[in-house]
Asks: 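Sharing a structure with you now.
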Amino acid sequence: MSQSMRSTTGFYGANATYIAEIYEQYLRNPSSVDAEWKQYFNDIGDNDSVITKDFGARSWGNGTSKVVGIADKSAAKAPVNSGGKDHTEALDAVRAHMLIRAYRVRGHLLANLDPLGLAHNNSHPELDPARYGFSEDCYDREIQLDGWLGYQVATLRQIITILQQTYCSSLAIEYSHIQNLTQKEWLEEKLEGSLSKPKLTKEEKGRVLQKLVEAVGFEEFLHKKFPGAKRFSMEGAEPVLPAMEALVESAAALGVKEVVLGMPHRGRLNVLTAFMGKSYDAMLSEFQGNLATPDWINSSGDVKYHLGFSSDKVFNGNEVHLSLNANPSHLEAVNPVVVGRVRAKQDQFKDTERKTVMGLLLHGDAAFCGQGVVSETIAMAGLEGYKTGGTVHIIVNNQVGFTTKPKEGHSSPYPTDVAKQVQAPIFHVNGDDAEAVVHAARIAAEFRQEFQNDVVIDVWCYRKHGHNEGDEPRWTQPKMYAKIDARQTPREVYAERVISEGILTEDKIEKMKDDFYNRLDKAYTNSNSYKPEKADMLEGKWTGLEQVLGGEKPKMSTGVDAKKLKDIGMKLSGLPAGVKLHKGVERVLSNRRKMIETGDGFDWAMGEALAFGSLLAEGYPVRLSGQDVIRGTFSHRHSGLTDQDSEEIYFPLNHLAEKQAKYEAVNSHLSEFAVLGFEYGYSLTEPKALTVWEAQFGDFANGAQVMFDQFICSAEVKWLRMSGLVVLLPHGYEGQGPEHSSARLERFLQMCAEDNMIVANCTTPANYFHILRRQLARNYRKPLIMMAPKSLLRHKLAQSKLEDFVEGTSFRRVLPETEKLVSDNKVKKLLICSGKVYYDLLEARKEREIKDIALIRLEQFYPFPHTSLLEEVKKYPKAEVVWCQEEPENMGGWTFCDRRIEAVLNEANVASKRPTVIARKLAAATAAGYMRVHQREQQDIIDKALS
């Protein structure tokens with residue numbers, strides 16, 4: 001019953017809610033309410049006293065009453081006494097109201113959720129009618145409901161039956177944490193209107209059984225053919241499969257065109273085949289050790305329960321593209337990747353309502369409450385720069401995490417409380433009731449499409465085997481596994497149900513099972529000769545791009561016509577009409593205008609803005625996100641201009657031309673793991689956009705280390721998934737201590753192999769401009785890990801000229817000596833360095849008037865620029881070659897560059913055969929915390945280098 005149908009001037013209007021709240025407060029602590037209300041509720045408890053007629057504008061028996069609204073609580077301060085039949089009717093109505101409210105809030109605690117019967121509660125004090133003053137002789141007395149629960153009048157016995165069927169059956173819900181009244185009433189109508197029972201046709205019941213036949217049958221077949229093989233089976237949770245079918249079918253009917261999925265390893269093989277449509281021939285071929293990709297594809301591969309897949313599938317006449325993301329064993333790490341991919345697809349569809357593409361995430365119970373990235377990802381649900389219209393979460397609740405019991409894994413009754421932060425409704429459902437799981441899935445799809453918010457379906461089930469098929473769970477869960485060993489499969493449980501309902505006969509069901517087994521047997525025979533014909537890569541938006549591995553890439557021009565650059569620059573530096581800016585920001589724009597007018601003094605922010613602007617003008621979208629990126633942590637970017645009166649933000653990059661791509665800059669919530677994962681997912685889906693994530697300080701990137709290790713550095717060779725993501729990591733030793741100095745360059749370099757990514761440390765705005773543009777100019781995509789500057793953002797020497805950006809110019813992997821020295825063959829020492837230390841050395845060398853020490857900069861570490869460095873080294877045949885870095889010797893670029901520079905020296909045939917190193921001493925912490933120590937160490941590096 002909608003709120004509009006509950007008279008706001010009647011007893012079930014505002015008055016009843018207000019009185020109910022006071023009454024609940026009284027039950028918790030009688031002394032906490034007004035003395036007159038306390039006396040009144042004491043009287044109610046005695047059942048002999050009188051009750052007010054002043055609750056609302058309705059008649060009770062022969063009495064009348066006046067309106068007391070929620071806004072006029074003072075008028076309801078003290079009740080007016082009356083008696084007789086009026087008293088009984090009103091009293092019963094108040095009590096019934098309280099009982100209904102209690103069931104809506106607490107009913108899930110008595111629900112029949114656990115198929116093993118290990119965690120069932122039989123009672124709860126707040127759901128006891130006696131708590132509200134009802135005695136047994138009240139059960140058959142009629143009570144006025146005014147439309148609540150769909151009744152005008154019902155007996156207490158009927159009310160309790162309805163409430164128990166609705167909120168305490170095999171499907172329950174937590175929704176009292178939702179603040180949106182419309183959403184709460186929508187959920188109440190869905191559940192109370194159906195008594196939480198689905199209405200499936202005979203055909204739909206047959207489809208549910210067919211999916212269970214496939215799910216159970218495939219697991220049994222694998223167990224028989226490949227005994228002991230790890231497969232992380234779905235056994236015990238098979239009803240999740242028909243639920244997924246029902247979910248997507250319902251969503252498709254409401255406009256969803258694509259679904260992006262992420263899930264852990266448990267049940268993945270069944271999802272790949274029975275849901276996604278991967279052929280059983282291919283799956284069984286992989287079980288026999290054959291490759292999942294053609295021989296000609298360069299891939300190291302991954303275990304079969306990590307692999308992704310995509311397909312087009314028709315659900316009740318509606319075609320939906322399904323995409324299951326590949327993922328590592330790191331549970332829940334795939335979540336933000338999926339959400340980022342959904343956002344990118346929605347942007348491709350120009351779907352601002354976010355109803356055409358939906359994210360579907362499967363979780364384990366222990367991981368959902370235990371892994372922090374779950375909370376980080378869910379927190380994005382309502383954030384403008386990250387929202388996707390709601391993700392549907394299905395928790396495969398095995399009631400155990402490897403060997404950890406639920407009471408050891410989460411502090412609350414359920415593993416789902418983390419979802420309450422975004423007010424997502426949480427359905428708890430008994431996994432042995434396949435129809436209840438399907439019903440929950442359908443409601444979840446409808447809710448998501450209606451309200452664009454996350455939804456959680458917590459499927460209580462069990463895990464037939466241990467953590468994997470070779471693990472023995474009875475060592476630690478003997479009681480649980482005694483129950484599991486005695487259970488029928490979900491297929492048999494549901495088969496008995498449809499037989500008893502006369503839907504199918506036992507013979508028909510046996511034929512369904514035999515037919516599916518024969519299908520698998522045929523696939524097993526075919527799998528011996530099965531060979532994949534194509535790789536699932538470089539399709540759709542990636543068509544026309546290539547996989548490129550190995551070899552030093554040729555230089556390519558990434559410069560832009562000078563006239564276009566000036567036009568972009570003037571629009572970026574102009575004062576927007578009608579926007580009142582801070583004086584400091586006006587000075588920033590004035591300085592940028594001067595750069596364009598003079599063609600000189602281009603700083604880092606201007607170089608970046610020109611790169612972004614020129615790409616936008618060419619039709620490439622740019623997305624930048626991270627903590628405080630709009631202004632920039634170091635107040636350098638000012639990508640968005642804040643009006644000092646309205647606080648509205650004006651983005652000059654979105655006002656360059658009538659026809660241009662979209663620029664999106666997003667200040668993220670305080671997360672590294674999830675936000676980086678989101679942007680990585682975005683880059684997987686949109687190769688024709690520049691996607692950038694910036695860490696507040698490079699040091700903080702290790703909060704997202706899983707994304708670097710398991711996805712960014714290895715996805716191309718493991719899963720054939722490319723990314724052009726740009727990662728900006730502020731790096732440099734400036735005395736800010738061990739947590740604000742190092743982006744851990746050495747860790748990224750250690751991961752470099754097989755041409756998997758680019759690692760750079762640019763020292764000029766122009767080189768930064770070119771490396772950004774190169775990301776989209778190439779016919780392939782590689783992640784770019786960029787050691788970004790801090791003090792160099794405003795360094796007077798770290799500037800470029802307009803001529804460094806124009807057509808014919810390009811990114812330079814190695815920057816040569818820029819000053820006039822003695823002749824090259826008289827140079828005694830060649831310092832090779834990277835990043836900020838170059839300018840420290842340059843200024844000190846000039847101050848000391850040194851002419852026989854050369855400085856060259858390594859701008860790109862990986863792929864290592866062997867050829868470019870060789871050209872420079874050959875210029876100094878007699879020089880001692882030294883690698884100089886700010887970082888401690890066991891960090892930074894030294895250990896990566898050492899042997900590679902040695903190879904260059906040997907090929908160059910110069911006097912120096914092996915580089916030496918100047919660096920901070922070996923250290924456990926990245927940097928000193930005391931400024932005096934930092935300065936001494938920095939000076940020592942400069943003195944040694946220039947000695």
Side-chain angles (χ1 to χ4, degrees), residues 214-215 217-234 241 261 263 265 267-314 319 321-329 468-469 515-550 684 687 711 714-723 753-756 779-781:
E214 293 174 9
F218 188 44
E219 298 293 358
E220 290 177 344
F221 187 86
L222 291 175
H223 192 67
K224 178 180 177 181
K225 293 293 186 181
F226 307 98
K230 275 187 184 181
R231 65 181 194 276
F232 297 97
S233 83
M234 187 178 251
L241 270 181
L261 298 95
M263 67 176 296
H265 38 288
R268 192 182 194 91
L269 305 186
N270 239 315
V271 169
L272 281 165
T273 49
F275 179 73
M276 297 291 298
K278 183 172 182 175
S279 76
Y280 289 103
D281 299 31
M283 181 61 72
L284 294 171
S285 174
E286 292 170 30
F287 263 94
Q288 299 187 64
N290 298 321
L291 297 178
T293 55
D295 295 339
W296 51 269
I297 291 291
N298 193 325
S299 171
S300 58
D302 201 349
V303 292
K304 47 194 164 291
Y305 39 81
H306 287 172
L307 299 179
F309 192 75
S310 63
S311 62
D312 295 312
K313 189 171 177 178
V314 177
E319 185 173 88
H321 181 71
L322 303 173
S323 178
L324 174 62
N325 211 85
N327 63 267
S329 284
N468 59 60
E469 286 66 29
D515 288 348
F516 184 66
Y517 187 90
N518 292 335
R519 179 184 170 190
L520 292 178
D521 212 32
K522 183 178 179 181
Y524 180 74
T525 300
N526 294 340
S527 68
N528 292 310
S529 57
Y530 176 84
K531 287 190 178 298
E533 296 178 354
K534 70 183 188 74
D536 183 19
M537 67 181 298
L538 299 177
E539 298 175 338
K541 292 288 183 179
W542 288 83
T543 301
L545 296 171
E546 301 176 1
Q547 184 185 35
V548 176
L549 299 175
L684 288 178
F711 290 89
S714 56
E716 183 175 353
V717 294
K718 289 193 300 188
W719 307 320
L720 304 178
R721 286 295 174 266
M722 299 180 194
S723 164
E754 298 184 280
D755 207 12
N756 60 337
N779 64 341
Y780 59 92
R781 297 290 179 263

Asks: Could you walk me through whether M722 and L538 pass the side chain to side chain contact (heavy atoms under 4.5 Å, CB included) test, one step at a time?
Replies: CA-CA 9 Å; M722 299 180 194; L538 299 177; 3.8 Å; yes
Asks: Which pair of heavy atoms, one from M276 and one from S311, lies closest together, and at what distance?
Replies: O-OG, 2.5 Å
Asks: Please round to the nearest 0.5 Å and tell me the distance separating atom CZ of R231 and atom CG of N468.
Replies: 10.5 Å
Asks: With sequence neighbours excluded, tell me which residues meet salt bridge (Lys or Arg N to Asp or Glu O under 4.0 Å) with E469.
Replies: none
Asks: Sequence neighbours left out, what passes side-chain hydrogen bond (donor to acceptor under 3.5 Å, both in side chains) with H265? Give chain and number order.
Replies: none
Asks: Taking the ring of Y280 and the ring of F218, is the distance between their centroids below 6.0 Å?
Replies: yes
Asks: Carefully, step by step, assess L272 and L324 under the rule side chain to side chain contact (heavy atoms under 4.5 Å, CB included).
Replies: CA-CA 8 Å; L272 281 165; L324 174 62; 3.5 Å; yes
Asks: What's the shortest heavy-atom distance between D281 and N526, and which atoms?
Replies: OD2-CB, 3.2 Å
Asks: Return the set of residues passing side-chain hydrogen bond (donor to acceptor under 3.5 Å, both in side chains) with Y305 (not counting sequence neighbours), or none when no residue passes.
Replies: none
Asks: Got a second to check how far Y517's OH is from K224's NZ, nearest 0.5 Å?
Replies: 3.0 Å
Asks: According to salt bridge (Lys or Arg N to Asp or Glu O under 4.0 Å), who are the partners of K278, at least two apart in sequence or on a separate chain?
Replies: E286
Asks: Begin with the C-alpha distance, continue with both residues' side-chain angles, and end with the deciding distance and a verdict on ring pair (Phe, Tyr, Trp, His ring centres under 6.0 Å) for F287 and Y524.
Replies: CA-CA 10 Å; F287 263 94; Y524 180 74; over 10 Å; no
Asks: Quick one: pull up CG in D521 and CZ in F221 and give me the separation to the nearest 0.5 Å.
Replies: 5.0 Å
Asks: What's the shortest heavy-atom distance between N327 and W719, and which atoms?
Replies: C-CZ2, 3.5 Å
Asks: State the CG-CZ distance between L261 and R268, to the nearest 0.5 angstrom.
Replies: 9.5 Å
Asks: Measure the CD-CG distance between E220 and L520 for me, rounded to the nearest 0.5 Å.
Replies: 10.5 Å
Asks: Which heavy atom of P687 sits nearest a heavy atom of K541, and at what distance?
Replies: CG-O, 3.4 Å
Asks: Looking at residues at least two apart in the chain, or sitting in another chain, which of them share a side-chain hydrogen bond (donor to acceptor under 3.5 Å, both in side chains) with R781?
Replies: none
Asks: Could you tell me which residues satisfy salt bridge (Lys or Arg N to Asp or Glu O under 4.0 Å) with E319, sequence neighbours excluded, listed by chain and number?
Replies: none
Asks: If you look at every heavy atom in L549 and E716, which pair is closest and at what distance?
Replies: CD2-OE2, 3.6 Å
Asks: Is there a donor-acceptor contact under 3.5 Å from the side chain of T273 to the main chain of L269?
Replies: yes
Asks: One pair to check against side chain to side chain contact (heavy atoms under 4.5 Å, CB included): V271 and M234. What are the steps and the verdict?
Replies: CA-CA 9 Å; V271 169; M234 187 178 251; 3.9 Å; yes
Asks: A274 and L241: which non-hydrogen atoms are nearest, and at how many Å?
Replies: CB-CD1, 3.7 Å
Asks: State whether the number of non-hydrogen atoms from other residues, nucleotides or ligands found under 6.0 Å of H306 atom NE2 is greater than 12.
Replies: yes
Asks: Which is it for Y530 and N290 under the side chain to side chain contact (heavy atoms under 4.5 Å, CB included) test, yes or no, and what are the steps along the way?
Replies: CA-CA 9 Å; Y530 176 84; N290 298 321; over 6 Å; no
Asks: Using a 3.5 Å distance criterion without hydrogens, assess whether the side chain of W542 forms a donor-acceptor pair with backbone atoms of L684.
Replies: yes
Asks: Which distance, rounded to the nearest 0.5 Å, do you find between the CD of E546 and the OH of Y780?
Replies: 10.0 Å
